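Whatever order the structure lists them in is the order used to number ligands and atoms, beginning at 1. As the structure is a prediction and not an experimental result, all values here were calculated from the model.
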Amino acid sequence: MTEIAANLQRFWQELEPYGCQLIPVSKTKPNELLLEAYEAGNKVFGENKVQELVGKYEALPKDIKWHFIGHLQRNKVKYLAPFVHLIHAVDSLRLLQTIEKEARKHQRVINCLLQVHIAREESKFGLSDAGLFELIESAPWQELPHVQVVGLMGMATFTNDKQQIRQEFRHLADLRQQLARQELPANVKMQELSMGMSNDYQIALDEGSTMIRIGTAIFGARNCML
Ligand SMILES: *Cc1c(COP(=O)(O)O)cnc(C)c1O
């Protein structure tokens, strides 16, 4: 068994009792390594650059589900719209409207997660709590029939302070719960919670993550600054 296959097996086993899905993050990695993961039985990848994702989509088997996990610029939505499985980091109405427009051209409904800013760091993208509630309450959802929101996504602060990380994940889980109790538009569902990366996924699992996004712990360290 290759090292990547062994890493995947280990994660699948660990996640099974939680009913959590593994999203292997293959950014910066060459197609050979993605194929190795594919041959080990993995058919889902997360990428954070549009051009890189499209190149890999074109080169690799067509039954792969591609998750876009990075910050998405509106002018690039058109490249993903024909095939993307889930966009993890939507944080504005304008982006939702662009996704609607491009999805409609392909007669697809595109699944999205709303990204919430849960970390202490200022640099990360995402909605504030108030912004999240406001977006859900005030977006013209009837005019977005080709968009399906399926849950929330967040990234914890990059820190060794496990309590801090736990608080942040717990907060995201609480937001989902609060929303799930409300009456929501038909194209907003609160099923998924995309949280947890190589260094903090165990905490995320404890706090109810349904999708962890794992790069380094499957594919090894990345050389480039991405
Ligand atoms: C790179 C990346 C990951 C994976 O990070 P690792 O620490 O390598 O597991 C997860 N989520 C997002 C949004 C990323 O950009």
Before signing off on this row, confirm whether N199 and ligand 1 have an N or O atom pair separated by under 3.5 Å.
-> no
Kindly compute the distance separating CG (L34) from CD1 (I64), expressed to the nearest 0.5 Å.
-> 7.0 Å
F83 atom CZ, neighbour heavy-atom count above 12 within 6.0 Å | yes
Mark the output for R222 as yes if a heavy-atom distance to ligand 1 is under 4.0 Å, and as no if none is.
-> yes
Could you list which atoms of ligand 1 come closer than 4.0 Å to a heavy atom of R213?
-> 4 (C), 9 (O), 10 (C), 11 (N), 12 (C), 13 (C)
d(Q177 CD, R170 CZ) to nearest 0.5 Å is 12.0 Å
For ligand 1, which atoms, with element, lie under 4.0 Å from some heavy atom of I214?
-> 9 (O)
Do ligand 1 and G215 have nitrogen or oxygen atoms that lie under 3.5 Å from each other?
-> yes
Heavy-atom closest pair, residues Q182 and F133 = NE2-CE2, 3.7 Å
Counting from 1, what ligand 1 atoms have a heavy atom of I69 closer than 4.0 Å?
-> 2 (C), 11 (N), 12 (C), 13 (C), 14 (C), 15 (O)
Region of K27 that comes within reach of ligand 1 [heavy atoms, distance under 4.0 Å] | side chain
State whether the number of non-hydrogen atoms from other residues, nucleotides or ligands found under 6.0 Å of D63 atom CG is greater than 12.
-> yes
Shared ILVMFWY cluster between V44 and F11, side chains joined below 4.5 angstrom?
-> no
Under 4.0 Å from one or more heavy atoms of T216, ligand 1 contributes atoms 6 (P), 7 (O), 8 (O), 9 (O)
